Each structure stands twice: as structure tokens, then as C-alpha cells.
*Asks:* 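Please read through the structure below; I'll follow up with questions.
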Amino acid sequence: MDCRAIDDEDVKFLQRDILVDGALTRDEVDVLVALDRAVPERCAAFGDYLVALVVDFAVWQNRPTGVIERDKAHWLVTTLSAGEGPTETARRIAFEIVREAERCDEALIGFALSKGLATPARFCPERVLLAS
């Protein structure tokens, strides 16, 4: 926060020394998403790490596993859209959670799909599945 930037070394420190086992609580996720919103200069590694961390926490660490029920969806929409609206990273988080979860409440699906939020930040041809 003091430097108003998050660089690759900060991400390594976060992974190695602070969140060794990933995010453990909603409060930790809230702080990291707020940090994404508050720090004007962020390296790409921070966004990628934050997306992976929040998806893992919301979809796989929280019970019921693989399910985003109403309460969890409401929390995610509130957290990801706080302030002046979702950041690009928050948009990616919402989209990836909807994509990864086995079942997802319509509030988060609507949030992820609204205003073109469903477009991934970077197009990856490997993700495109063509029906034959």
C-alpha cells in the first residue's frame, strides 16, 4: 500500500510467507480483493494469483464443495462489486467461479454475465471447446 504498487516480489512473499495454505476465510478474500481495488499499479502475477486463490476458496475449500449457493453468491457479488464497481480482476474471478463451479446461484451468474463481464481477460484458444 505504501508504494502504491504490487510487484512480482510482493506476490511471491504473499504466496510463500502469508497465504501458504491459500485463503482461509472470507475476510482474507475481502482484504485481497480490496487491495486489488486500492493499489493502482499491480503486476499481472497478482491478478492471476488472486483469481486462482478466490476460485479455489469459493468453489473447492468452502462447503458445500463445488457449489455456490445463495449466501456465498451474495457475498461474492458484494465483495467483487464494492467501491466504484468491479475491477478487471474481479470480473475474471466471477467468470472463473461460474465456469468452475458444479452449481452456481443465479445472482453470481447474472453478475458474471452482465455488461460483458463474461469475456475472459485474455483469450486462450486452449479454452475454446468446439462442438463437432
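Computed from a predicted model, the values in this text were never measured in an experiment.
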*Asks:* May I ask you to decide if Asp7's main-chain N or O and Asp10's side chain share a donor-acceptor pair within less than 3.5 Å?
*Replies:* yes

*Asks:* Less than 4.5 Å apart, any side-chain heavy atom of Leu19 and any of Gln15?
*Replies:*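 Heavy-atom side-chain distance check fails, nothing below 4.5 Å.
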
*Asks:* Do Val31 and Val20 sit in one hydrophobic cluster, given that two such residues count as connected whenever their side-chain heavy atoms are within less than 4.5 Å of each other, even indirectly?
*Replies:* no

*Asks:* Is the closest side-chain heavy-atom distance between Trp75 and Asp30 below 4.5 Å?
*Replies:* yes

*Asks:* Out of Ile109, Leu108, Val98, Asn62, which residue meets the side-chain contact (heavy atoms from CB on, under 4.5 Å) rule with Ile68?
*Replies:* Leu108

*Asks:* Could you check Thr65 against Arg63 for side chain to side chain donor-acceptor pair (under 3.5 Å), going step by step and ending with a plain yes or no?
*Replies:* CA-CA 5 Å; Thr65 303; Arg63 302 294 181 253; 3.0 Å; yes

*Asks:* With sequence neighbours excluded, what pairs up with Arg26 under the side-chain hydrogen bond (donor to acceptor under 3.5 Å, both in side chains) test?
*Replies:* Asp71

*Asks:* Check for a donor-acceptor pair, side chain of Ser114 on one end and backbone N or O of Phe111 on the other, with a separation under 3.5 Å.
*Replies:*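 Indeed, once roles are kept as given, a pair shorter than 3.5 Å links the two residues.
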
*Asks:* Answer yes if Leu113 and Val54 sit in the same cluster of Ile, Leu, Val, Met, Phe, Trp and Tyr residues linked by side chain heavy atoms under 4.5 Å apart, and no otherwise.
*Replies:* yes

*Asks:* Counting only heavy atoms not in Arg4, do more than 12 fall under 6.0 Å of its CZ?
*Replies:* no

*Asks:* State yes or no: do Leu35 and Phe13 share one hydrophobic cluster built from I, L, V, M, F, W and Y residues joined by side-chain heavy-atom distances below 4.5 Å, directly or via other members?
*Replies:* yes

*Asks:* Contact between Lys72 and Asp105 at the side-chain level, heavy atoms closer than 4.5 Å - yes or no?
*Replies:* no

*Asks:* What is the distance from atom CZ of Arg37 to atom CD of Glu84, rounded to the nearest 0.5 Å?
*Replies:* 9.5 Å

*Asks:* Which pair of heavy atoms, one from Pro86 and one from Ala90, lies closest together, and at what distance?
*Replies:* CB-CB, 3.9 Å

*Asks:* Work out which heavy atom in Ala107 is nearest to a heavy atom in Ala73; give both atom names and the distance.
*Replies:* CB-CB, 4.4 Å

*Asks:* Decide yes or no for Ile6 and Val11: does some side-chain heavy atom of the first lie under 4.5 Å from some side-chain heavy atom of the second?
*Replies:* yes

*Asks:* Going hydrophobic residue to hydrophobic residue with side-chain gaps under 4.5 angstrom, can you get from Phe95 over to Val67?
*Replies:* no

*Asks:* Check Ala58 against Leu76 and note the closest heavy-atom contact, atom names and distance.
*Replies:* CB-CD1, 4.1 Å

*Asks:* Evaluate the criterion side-chain contact (heavy atoms from CB on, under 4.5 Å) for residue pair Asp48 and Arg92; output intermediate values, then yes/no.
*Replies:* CA-CA 9 Å; Asp48 293 343; Arg92 286 176 51 207; 2.8 Å; yes

*Asks:* Who passes side-chain contact (heavy atoms from CB on, under 4.5 Å) against Glu100, sequence neighbours left out?
*Replies:*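 Glu100 satisfies side-chain contact (heavy atoms from CB on, under 4.5 Å) with Val55, Val59, Trp60 only.
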
*Asks:* What pairs with Arg42 under salt bridge (Lys or Arg N to Asp or Glu O under 4.0 Å), at least two apart in sequence or on another chain?
*Replies:*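 So Arg42 forms a salt bridge (Lys or Arg N to Asp or Glu O under 4.0 Å) with Asp36.
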
*Asks:* side-chain contact (heavy atoms from CB on, under 4.5 Å) for Thr87 and Val33? Distances and angles first, verdict last.
*Replies:* CA-CA 9 Å; Thr87 63; Val33 171; over 6 Å; no

*Asks:* To the nearest 0.5 Å, how far apart are CZ in Phe57 and CD1 in Ile97?
*Replies:*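 These two atoms lie 10.0 Å from each other.
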
